[in-house]
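Worksheet: one structure, shown below.
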Amino acid sequence: WDMFVLSFLERLFRPTYRKDDFVLGKKLGEGAFGVVYRVSLAKKPSSSKEGDLVLKKATEYGAVEIWMNERVRRACANSCADFVYGFLETSSKKGGEYWLIWRFEGKVTLADLMLSKEFPYNVETMITGEVQNLPKGLERENRIIQTIMRQLLFALDGLHSTGIVHRDIKPQNVIFSEGARTFKFIDLGAAADLRVGINYIPKEFLLDPRYAAPEQYIMSTQTPSAPSAPVAIALSPVLWQMNLPDRFDIYSAGLMFLQMAFPSLRTDSSLIQFNRQLKRCGYDLVAWRKSMEPRASPELRKGFELLDLDGGIGWELLTSMVRYKARQRTSAKAALAHPYFDREGLLALSFMQ
Ligand code: ADP
Ligand code: MG
């Protein structure tokens, strides 16, 4: 596969950028499989002092991540951060490392925004571009969260319709694009492209246990290995139907919805504790609610109240996403048609003024 991907990439990418074209700025992140920097082009340092690009130096999964970003750019560009270029950089390290370049979308992820005391009003300001002088309250918070969920599900639907499962959906991998005024996904290092079988064999150690659905594996264990590419193209719609791998992302997106609704579930430790509770309830959210509600803290009660607005359609949507069995979870497309989204979102609100 590496050989295939490499020769494909060589044909695809004319060498328009190389290592020396970039000036490294601030480090933005460091994971197990790569380091991310804010960078600018050496040729035009005046364009932006801080750099208007992002560079990821990736090791093992760099080739897959370049493949996924290229696919996304051609098929569903708005779902993810704007990908500029990717190449194998061989001059420094033995074996080389993959360099991936994106446009710098913005300074904050949904994780940053969610951990602020101002959430979700901080998001409202970013989306509408102005501070709204409206009374704070559950209705308004629900409308903001609804808008965020609509954007996330829209982006997910784009990926899933393309045949890509992200597999690492979490607030840390959702960037707010200041240019587009919407949320976009980043970090396709664990993604799978089922139409061509790229990264088809699940690498369960890539999955983040905090947001992973209980099945852990994307495909059932009855499909042990990837068929060769032509077979995969012929078979994958069938496999997709049988295994519904996209529902893995839906579960993770459901957990983000939960964290947005419940202020007390936004920290890592509280999410881990929630996961333990939910597992004890057999992954049944209704059972979890029954066990929690009698002794619920005001913050927890606030979450239930928010989801119970408008006859409980928020709660209904949440429970249709966070379910034990993948085939009982809603799809991104079906979720977008859910009555929870019948109301106008945030942007329409600001247009009306
Ligand atoms: P990792 O493998 O380290 O998780 P990510 O792709 O998630 O790598 O990127 C790490 C961090 O870099 C993100 O949390 C985000 O803060 C920042 N980042 C990544 N891509 C962009 C982008 N296109 N624009 C702005 N910031 C980005
Ligand atoms: Mg990440």
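First listed ligand is number 1; within each ligand, the first listed atom is number 1. Side chains are part of it too, since the values below use all heavy atoms of this structure and drop only hydrogens, waters and symmetry mates.
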| message | Other residues, nucleotides and ligands only: do more than 12 of their heavy atoms fall within 6.0 Å of CZ on F22? | response | yes
In ligand 1, the atoms that come under 4.0 Å of a heavy atom of I175 are 25 (C), 26 (N), 27 (C)
Tightest non-hydrogen contact, residues Q146 and R343, listed as NE2-O, 3.2 Å
Closest heavy-atom approach to atom 16 (O) of ligand 1 among N173, I186, T109 is made by T109
Is there a salt bridge (Lys or Arg N to Asp or Glu O under 4.0 Å) between E124 and R140 once you walk through the steps? CA-CA 9 Å; E124 182 186 52; R140 184 170 160 205; 2.5 Å; yes
R103 and L53 have their tightest heavy-atom pair at NH1-CD2, 3.5 Å
For atom 11 (C) of ligand 1, the closest protein heavy atom turns out to be L28 O, 4.1 Å
More than 12 heavy atoms of other residues, nucleotides or ligands under 6.0 Å from CZ of R210: yes or no?
yes
For G106, the atoms of ligand 1 under 4.0 Å from one of its heavy atoms are 25 (C), 26 (N)
Q: Determine whether the side chains of T109 and D112 contain a donor N or O and an acceptor N or O closer than 3.5 Å.
A: yes
Determine, for F104 and R38, whether the Lys NZ or Arg CZ falls below 6.0 Å from the six-membered ring centre while staying within 45 degrees of the axis. yes
of all protein heavy atoms, closest to atom 24 (N) of ligand 1 is E105 N, 2.9 Å
Total protein N/O/S atoms sitting under 2.8 Å from the Mg ion (ligand 2), waters ignored, is 2
Is the distance between the ring centroids of W315 and F262 under 6.0 Å? no
Review point. For atom OH of Y121, is the number of surrounding heavy atoms from other residues, nucleotides or ligands below 6.0 Å larger than 12?
Key: yes
- Query: Angle class for the H166/F185 ring planes (parallel below 30°, perpendicular above 60°, tilted otherwise)?
  - Reply: tilted
Quick note on ligand 1: atoms under 4.0 Å from a heavy atom of R103 include exactly 22 (C), 23 (N), 24 (N)
Can you confirm whether D21 sits close enough to R18 that some side-chain heavy atom of one is under 4.5 Å from a side-chain heavy atom of the other? yes
Near Q172 (heavy-atom distance under 4.0 Å), the atoms of ligand 1 are 14 (O)
Given the rule in the salt bridge (Lys or Arg N to Asp or Glu O under 4.0 Å) test, do E70 and R73 qualify, once you have shown the distances and angles that lead to the verdict? CA-CA 5 Å; E70 276 301 326; R73 182 167 68 181; 2.7 Å; yes
Original post:
Taking the side chain as C-beta and beyond, is there a heavy-atom pair between E139 and R143 under 4.5 Å?
Top reply: no
Any heavy atom of D187 under 4.0 Å from ligand 1? The part involved is both
shortest atom 9 (O) of ligand 1-to-protein heavy-atom contact is with V36 CG2, 3.6 Å
- Any N or O of E65 closer than 3.5 Å to N or O of ligand 1: no
If we number the atoms of ligand 1 from 1 as shown, the ones under 4.0 Å from a heavy atom of A81 are 23 (N)
Ligand 1 N/O within reach of W102 N/O, cut-off under 3.5 Å: no
protein heavy-atom neighbour closest to atom 6 (O) of ligand 1 works out as K56 NZ, 3.1 Å
Ligand 1 to F104, heavy atom cutoff 4.0 Å, flagged ligand atoms 24 (N), 25 (C)
the protein heavy atom lying closest to atom 3 (O) of ligand 1 turns out to be G31 N, 3.6 Å
Of all protein heavy atoms, the one nearest atom 20 (N) of ligand 1 is V54 CG1, 3.8 Å
Parallel, tilted or perpendicular for Y283 and Y324, by the 30°/60° rule? tilted
